[in-house]
Amino acid sequence: MKRQFPKVHDLAPLMKFKKPEINGKKRRLDSALTIEDLRKIAKRRTPRPAFDYTDGSAEAEISISRAREAFTDIQFNPAILRDVSTVNTGWDVLGAPVALPFGIAPTGFTRMMQTEGEIAGAHAAARAGIPFSLSTMGTASIEDVKAANPNGRNWFQLYMWKERERSMALVDRAAAAGYDTLLVTVDVPVAGARLRDKRNGMSIPPALTPGTVINALPRPQWWIDFLTTEPLAFASLDRWSGTVAELLDTMFDPTVTFEDLAWIRDQWPGKIVVKGIQTVADAKAVVDLGVDGIVLSNHGGRQLDRAPIPFHLLPEVATEVGNDTEIVLDTGIMSGADIVASIALGARFTLIGRAYLYGLMAGGEAGVDRAIEILREQVERTMRLLGVVALEELTPAHVTQLTRLAPRARTAERV
Ligand SMILES: Cc1cc2nc3c(=O)[nH]c(=O)nc-3n(C[C@H](O)[C@H](O)[C@H](O)COP(=O)(O)O)c2cc1C
C-alpha cells in the first residue's frame with residue numbers, strides 16, 4: 001500500500017469543531033438522547049434518598065423490571081411503501097383532544113425530586129398540548145397548577161383518606177378550578193414496601209444526617225435549590241414529619257370498596273377514571289359501574305410486587321371492555337416505541353411517571369420539555385417506520401408480543 005503525508009487541505013474538511021454550548025443545562029439536556037440518558041443525569045444530580053424514592057419500587061422490584069422487559073420483548077410488524085411525510089400524533093381522549101398519545105402521571109412529593117416540581121410539569125404539559133395530572137400527595141396546590149396550565153387539560157388524582165370530607169373537599173376544589181378528569185387510584189389499600197427508602201432512611205422532609213451530608217457534597221445545586229426556595233409543603237395536607245410509608249398508612253382508608261367508587265362517581269361532574277386495574281375481572285366490574293376510563297397500572301411497581309404486567313393484560317382487556325370504556329396504560333414506559341405499541345394493542349392513552357421525573361431531576365422544567373421531546377420524536381419515528389400516519393391506523397397486527405414468561409399450565413384443579 002502506497003502511503004503519503006496528509007495534506008492540510010485534505011484535513012480541513014474533516015475538522016468539524018462545533019461552537020461550544022456555554023449553557024451547561026442545555027448542553028447536558030441536549031446530550032440526552034433517551035429517557036435512560038436522562039435517568040443517568042438525574043442520578044448524578046439528585047441526592048440518593050430522593051432519586052431512589054423515584055427510581056425505586058416495591059420489595060424486590062420485580063413488577064417494574066418485568067413491565068419494562070415486556071416492552072422490550074415485542075416485535076413491530078411494519079407496512080412498507082406508504083406516504084408517511086406527515087404524521088398526526090393526536091386524537092381525542094376522554095372527550096377532548098390531546099396532541100400526543102401520552103400524558104403526565106400523578107406523582108407525590110414532586111418538589112422533593114427537584115424544586116420546580118409540579119409547576120414545571122404543568123408548564124411543559126401546556127406547551128406540549130398534553131394533560132397534566134396532579135396527585136393528592138402533590139406539592140403544588142390545585143389552583144397553582146391550574147394557573148400554570150390555564151388553557152390545557154388538568155386531571156386530579158384522588159386517594160380516599162380516612163377523613164373523607166377532606167378528600168372530597170379536594171375533589172370540589174378540583175372541579176371548581178376546571179379540572180376535567182378525576183383519576184381514582186385504587187391500588188394503595190396500604191403502602192407498598194419500598195425497601196430502598198427504608199435503607200436510605202428516607203423521610204419527609206429529607207433529614208440532614210451524616211450520610212445525607214456526604215451524599216450532598218457532589219450535588220450542591222439540588223441543596224441550593226432546596227434550601228433557597230419555599231419549604232416543601234403538601235398541597236392538600238398539613239406538614240408531615242416521618243417516612244412516606246407511615247404517612248400513607250396513617251392517612252389512607254383501607255376500607256374503600258366498589259360502593260364508595262360509585263358514590264365518588266356521583267360527586268364528580270367530569271370524566272372519571274379508575275387507576276390501578278390489574279385483572280380482566282376488575283376491569284369489567286368497574287366498567288359495569290359506568291366509569292369513563294380505566295388505567296391498567298401496577299403503580300409503576302411501587303405497590304404489589306410480582307403484579308400482573310399491564311402491557312400483557314392489555315389485549316384481553318381491550319377485547320373485553322375496549323368498546324365500553326377508554327383504556328389508559330402505564331408502568332414501565334421508557335420510550336415512544338412503548339407508547340406506540342400500547343396504542344396498537346388497544347390503549348387510547350398512556351401515562352408517564354418516571355420518564356417525566358427523570359427529566360425533571362435532570363434539568364427542571366427544561367428537563368421535562370426534553371423528556372417529552374424525546375418521546376415525541378420516538379413516537380413519530382416509530383409510526384413512520386411502521387407505515388402509519390395517524391393513531392387510528394395502528395392495529396394489533398403491528399405488534400407481536402414475544403413471551404419470555406408464560407403461565408405454566410395448571411395440571412390439576414384443586415377440589
Ligand atoms: C415517585 C412516584 C410517585 C408517585 N405518586 C403517585 C401518587 O401520588 N398517586 C398515584 O396515583 N400514583 C403515583 N405514582 C404512580 C404513577 O402515577 C404511575 O402509575 C407510575 O409512575 C407509572 O409507571 P412509570 O413510572 O414506569 O411510568 C407515583 C410514581 C412515582 C414514580
Side-chain angles (χ1 to χ4, degrees), residues 35-36 38-39 42 46 49-58 61 63-72 102-114 117-118 121 131-140 155-161 167 170 181-189 191-192 194 196-197 202 204 234-237 240 244-245 247-248 251-252 256 273-278 294-304 307 309-311 328-336 338-339 342 347 349-361 371-372 375:
I35 299 296
E36 180 57 36
L38 286 175
R39 178 183 173 276
T46 313
F51 178 81
D52 273 353
Y53 171 68
T54 311
D55 190 58
S57 46
E61 309 200 348
S63 287
I64 187 66
S65 62
R66 283 185 184 163
R68 287 185 178 160
E69 210 167 77
F71 283 124
T72 321
F102 61 91
I104 295 186
T107 60
F109 313 106
T110 314
R111 286 195 58 229
M112 191 184 61
M113 293 141 206
Q114 205 275 352
E118 284 87 357
F132 177 82
S133 313
L134 174 66
S135 161
T136 294
M137 309 303 286
T139 43
W155 296 359
F156 185 70
Q157 177 265 323
L158 177 71
Y159 279 130
M160 196 43 113
W161 291 342
S167 316
L170 292 176
T181 298
L182 187 69
L183 302 170
V184 184
T185 299
V186 293
D187 53 14
V188 188
R194 320 262 170 86
R196 290 201 218 182
D197 295 352
M202 222 293 273
I204 309 273
F234 296 104
S236 47
L237 49 123
W240 174 263
V244 177
L247 173 63
L248 300 189
M251 297 195 52
F252 290 6
V256 174
V273 174
V274 182
K275 177 171 182 285
I277 296 293
Q278 303 183 62
I294 56 174
V295 188
L296 296 183
S297 166
N298 63 38
H299 211 107
R302 299 163 73 80
Q303 286 298 111
L304 178 67
I309 300 165
F311 184 62
V328 181
L329 180 136
D330 79 18
T331 300
I333 291 174
M334 290 289 280
S335 129
D338 305 343
I339 294 167
S342 304
F349 199 55
T350 60
L351 293 172
I352 51 163
R354 294 184 185 82
Y356 136 69
L357 297 171
Y358 294 144
L360 181 70
M361 292 187 285
I372 294 173
L375 294 172

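The residues of the chain are indexed from 1 along the displayed sequence. Whatever order the structure lists ligands and atoms in, that order sets their numbers, starting from 1.
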ask   = Short question: side chain of E118, backbone of T139 - any donor-acceptor pair under 3.5 Å?
value = yes
task = Measure I64 to ligand 1 on non-hydrogen atoms and call it side chain, backbone, both or neither using the 4.0 Å cut-off.
result = side chain
task = Please indicate whether any nitrogen or oxygen in R302 is less than 3.5 Å from any nitrogen or oxygen in ligand 1.
result = no
task = Work out whether the distance between some heavy atom of M113 and some atom of ligand 1 is less than 4.0 Å.
result = yes
remark   = Closest to atom 27 (O) of ligand 1 among protein heavy atoms sits G353 N, 2.9 Å
task = Apply the salt bridge (Lys or Arg N to Asp or Glu O under 4.0 Å) test between D55 and each candidate in R194, R39, R354; give the one that qualifies.
result = R39
message = Could you identify the single nearest non-hydrogen protein atom to atom 17 (O) of ligand 1 and state the distance to 0.1 Å?
response = P106 O, 2.7 Å
ask   = Is a donor on one side and an acceptor on the other found under 3.5 Å between the side chain of S63 and the backbone of L304?
value = yes
remark   = Hits for ring-ring contact (aromatic ring centres under 6.0 Å, His included) against Y159, two or more places apart or cross-chain, chain-then-number order -> F252
query = Can you name the ring-ring contact (aromatic ring centres under 6.0 Å, His included) partners of F51, sequence neighbours left out?
reply = none
key: Proximity to ligand 1 by part of S297, non-hydrogen separation under 4.0 Å   = side chain
inquiry  = Below a 4.0 angstrom heavy-atom separation, can you tell me which part of R354, side chain or backbone, both or neither, approaches ligand 1?
reply    = both
request  = Consider every N or O of M137 and every N or O of ligand 1, then say whether any pair is closer than 3.5 Å.
outcome  = no
note = Min over V328, D330, V186 of heavy-atom distance to atom 18 (C) of ligand 1 lands on D330
task = Identify, by atom number and element, the atoms of ligand 1 in contact range of Y53, meaning under 4.0 Å from any of its heavy atoms.
result = 1 (C)
task = Answer side chain, backbone, both or neither: which part of T107 comes under 4.0 Å from ligand 1, heavy atoms only.
result = both
ask   = Taking both backbone and side-chain atoms of S135, is any N or O found less than 3.5 Å from an N or O belonging to ligand 1?
value = yes
request  = Consider ligand 1: state whether an atom of it lies below 4.0 angstrom from any non-hydrogen atom of Y159.
outcome  = yes
ask   = Under 4.0 angstrom from ligand 1, any heavy atom of G332?
value = yes
ask   = ligand 1 versus V295, non-hydrogen atoms closer than 4.0 Å: side chain, backbone, both, neither?
value = neither
message = Please classify the K275 to ligand 1 contact at 4.0 Å (heavy-atom distances, strictly less than): side chain, backbone, both or neither.
response = side chain
ask   = Where is the nearest protein heavy atom to atom 5 (N) of ligand 1: which residue, which atom, and how far?
value = G108 N, 3.0 Å
